[in-house]
Amino acid sequence: MKYRYKQLFKAEQFDGSDKMRKKYFINRHREVNSYIDNITDRNEINVAGPWQYALKTQKGEKQLSIGDWILIDKNGLFSSATDEFFKENYEPVE
């Protein structure tokens, strides 16, 4: 049997832009590679990896990647879904 989510959501696909980060209060930081823990002189190498994002939700921060969907419920609360999950479980409603 197939089910549809009961609640309607507004949704916007995250593109990593400063405009979206400000609109949804998204934090950004660099991923740090775990291998640097064994290096004694950290000033000699650049250890920053790709950007990582965190969406503030009612239940705390949730990791967010470019291409994920930001969901806004009828109360204005944020959540997120991966692109794959979103496309499998949501359909547009006019």
Side-chain angles (χ1 to χ4, degrees):
M1 196 177 289
K2 294 185 178 183
Y3 294 89
R4 203 180 276 181
Y5 281 99
K6 294 179 182 178
Q7 187 175 6
L8 293 178
F9 288 88
K10 292 181 182 178
E12 187 170 1
Q13 194 166 26
F14 181 57
D15 62 9
S17 68
D18 288 341
K19 182 179 177 182
M20 286 191 78
R21 287 185 35 249
K22 290 175 184 174
K23 181 178 180 179
Y24 295 110
F25 311 102
I26 295 170
N27 291 324
R28 177 174 76 166
H29 59 88
R30 287 280 191 183
E31 179 182 318
V32 178
N33 299 323
S34 60
Y35 75 87
I36 65 165
D37 291 336
N38 296 325
I39 297 173
T40 56
D41 189 356
R42 295 170 191 245
N43 294 324
E44 291 184 11
I45 60 171
N46 180 3
V47 297
W51 286 110
Q52 297 294 310
Y53 301 91
L55 176 68
K56 293 180 184 178
T57 70
Q58 188 177 20
K59 297 179 181 179
E61 287 192 340
K62 187 171 180 183
Q63 184 176 343
L64 186 70
S65 297
I66 293 173
D68 287 352
W69 289 84
I70 299 170
L71 309 174
I72 307 101
D73 71 13
K74 64 182 179 182
N75 298 317
L77 299 175
F78 303 140
S79 186
S80 67
T82 64
D83 187 47
E84 180 181 347
F85 181 86
F86 185 84
K87 288 177 179 175
E88 288 177 3
N89 294 286
Y90 293 89
E91 61 185 30
V93 177
E94 296 293 324

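Computation of the quantities below employed the complete heavy-atom set of this structure, encompassing side-chain atoms and omitting hydrogens, waters and symmetry-equivalent molecules.
- For K23, the salt bridge (Lys or Arg N to Asp or Glu O under 4.0 Å) partners two or more places apart in sequence, or in a different chain, are E12.
- Between I26 atom CD1 and K62 atom NZ the span is 12.5 Å, to the nearest 0.5 Å.
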- Can you check side-chain contact (heavy atoms from CB on, under 4.5 Å) on L55 and D68, steps first, answer last? CA-CA 11 Å; L55 176 68; D68 287 352; over 6 Å; no
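- A54 approaches E61 most closely through the heavy-atom pair CB-OE1, 3.6 Å.
- Separation of atoms NZ (K56) and CG (L64) is listed at 13.5 Å; rounding is to 0.5 Å.
- Ion pairing between K87 and D83 holds under the 4.0 Å rule for side-chain N and carboxylate O.
- From I72, atom CD1 reaches atom CG of L77 across 10.5 Å, with rounding to the nearest 0.5 Å.
- The line from NZ of K59 to OG of S79 is 7.5 Å long, rounded to the nearest 0.5 Å.
- The aromatic rings of W69 and F86 lie parallel to each other, their planes meeting at an angle below 30°, with 60° marking the opposite boundary.
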- Could you give me the CA-CA distance, side-chain angles and deciding distance for L71 and F78, then say whether side-chain contact (heavy atoms from CB on, under 4.5 Å) is met? CA-CA 6 Å; L71 309 174; F78 303 140; over 6 Å; no
- So F14 and Y24, side-chain contact (heavy atoms from CB on, under 4.5 Å) or not? Walk me through it. CA-CA 10 Å; F14 181 57; Y24 295 110; 6.0 Å; no
